[in-house]
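These notes concern the structure reproduced below.
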Amino acid sequence: MDLFEYMQQQHKDSESPLASRLRPRTLDEVVGQQHIIGRDKMLYRAIRADKLGSVIFYGPPGTGKTTLARVIANTTHACFTQINATVSGKKDMEQIVSEAKDALGMYGKRTILFIDEIHRFNKGQQDYLLPFVEDGTVILIGATTENPYFEVNGALLSRSIIFELKPLLAEDIAVLIKRALTDEERGLGIYKAVIDDDALEFLADMAGGDARNALNAVELAVLTTDPGADGNITITLDVASECIQKKAVRYDKTGDNHYDTISAFIKSMRGSDPDAAVYYLARMLYAGEDVKFIARRIMICASEDVGNADPMAMVVASSAAAAVERVGMPEGRIILSQAATYVACAPKSNASYMAVERATETIKSTGSLSVPPHLMDSHYKGSAKLGRGIGYLYAHDFPNHYVSQQYLPDELVGKRFYEPEDIGYESTIREHMDFLHRQDDHQSTASQKGANDD
């Protein structure tokens, strides 16, 4: 490197964005992703031992894919080369492979090739790498925001280990923000800036798991805020919301506002107001509420307040809960909106909820009553001698797959717990149950007549 190149690099390092300057240089500086780089994890051990094989890092922007590659570059004794698939092509790879062969043959040094945005390479470009990855000429590190199982050739996948990076937790991002404000060498420590607790929590939440997003906002806040009378720059909640371009919504995840909002959300669905329901949904999502928490509440409402009036409500709600975990945000908000509006618009019945409440109250007052002998398990040896299962009538042997017999304990015969409403699909259930009860009366009358004839 000549003097001009050296000065150019120094200028680049000092003028580059905060997120770039603050990239961890060692494994111990990395924040988050403990599920793959915890001290007992394979990736951590492989990097420390400089025994890394080909890997692909997959995850959303700002979660540390390039950071991990740079940490590897600082740790390994191998040659390290980085390219970006958006601007590089086969010619660049041919040169890298040629140099890798020379390094391996002349000096016995391996070459690690880091390809950012590897999904941007077409099939032919990916195929070119295959034999050199397979024979160890290069060790591939690929980074992608797209699902590698769809975007990367199967042959390359089979020769690589895939590590999925998750969005950073809010507490992880808070650590990075504090580090940025105190680091005088690479961060903003020379500005002596401080951040209010509510502003720190807000930025950590609003970053959406993207460290780069949070650090960009912090840098903008520090560089555009005038010092106060004490000479310090203070990042307030208003400043933070301006710099991340999101209005601070009053929403404490552990306080009254959290419970008030989720209460309003549930009551809006129960009250069949889809507009209010989707408003409170958007409010929670905007404030950074956990999508799994929201999905659970929708499922509970689908069962408790809709129930059998529309059994599909539970299907939609549970499918949405599974889908939002697979899809993630921001698209997950669409899935939650579909589920919330469906539940809000569905006919309502709490009959199934009240049924289990009544049954529970009965159990509290009566204790565990004996199961009728004919319903007891008759499969084990000696059960017949004890009278277990004797006299049980198999419903499918009778017309309409129904036969009148006692199911409740003797003390509760005639007790009703489930009272279907005359609404939605539950009205069909009610008609069916009324039909069965008439069958009971008919069979009971026939049995009594037979007894009288005798």
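Being a predicted model, the structure only gives us computed values, none of them experimental.
E331 and R326 are not joined by a salt bridge, as no carboxylate oxygen comes within less than 4.0 angstrom of a charged side-chain nitrogen. Remark: E361 engages K364 in a salt bridge, criterion side-chain N to carboxylate O under 4.0 Å. Under 4.0 Å is where a charged nitrogen must lie from a carboxylate oxygen, and between E304 and R297 no such pair does. Salt bridge absent: E185 and R179 never bring a charged side-chain N and a carboxylate O closer than 4.0 Å. Looking at K178 and D183, no side-chain N of the basic residue comes within less than 4.0 Å of a carboxylate O on the acidic one, giving no salt bridge.
Distance CG/L129 to CG/D127: 9.0 Å, rounded to 0.5 Å.
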One pair to check against side-chain hydrogen bond (donor to acceptor under 3.5 Å, both in side chains): Q125 and R120. What are the steps and the verdict? CA-CA 10 Å; Q125 290 169 318; R120 298 284 189 175; over 6 Å; no
Passes salt bridge (charged side-chain N to carboxylate O under 4.0 Å, His left out), E99 versus K109? Steps please. CA-CA 11 Å; E99 293 172 355; K109 292 190 70 172; over 6 Å; no
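Judged by distance alone, the side chains of E426 and Y418 do bring a donor and an acceptor atom under 3.5 Å apart. In this model, no donor atom of one side chain and acceptor atom of the other lie less than 3.5 Å apart for D28 and T26. For Q34 and R39, the side-chain atoms include no donor-acceptor pair closer than 3.5 Å. S16 and R21 are not linked by any side-chain donor-acceptor pair at a separation below 3.5 angstrom, with hydrogens and angles left out of the test. Donor-acceptor pairing under 3.5 Å is recorded for the side chains of Y342 and D310. For the residue pair D238/T236, the side-chain donor-acceptor check at 3.5 Å is not satisfied.
Residues I429 and H432 form no side-chain contact, since every pair of their non-hydrogen atoms from C-beta on lies 4.5 Å or further apart. Taking the side chain as every heavy atom from C-beta outward, S160 and V55 never approach each other to under 4.5 Å.
Considering only residues two or more places apart in sequence or on other chains, R110 meets the salt bridge (Lys or Arg N to Asp or Glu O under 4.0 Å) condition with D50.
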Distance-only donor-acceptor hits, side chain of residues 166-174, under 3.5 Å, sequence neighbours excluded:
residue : atom : partner : partner atom : Å
D172    : OD2  : L169    : N            : 3.4

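Under a 3.5 Å cut-off, the side chain of R270 and the backbone N or O of C301 do not form any donor-acceptor pair.
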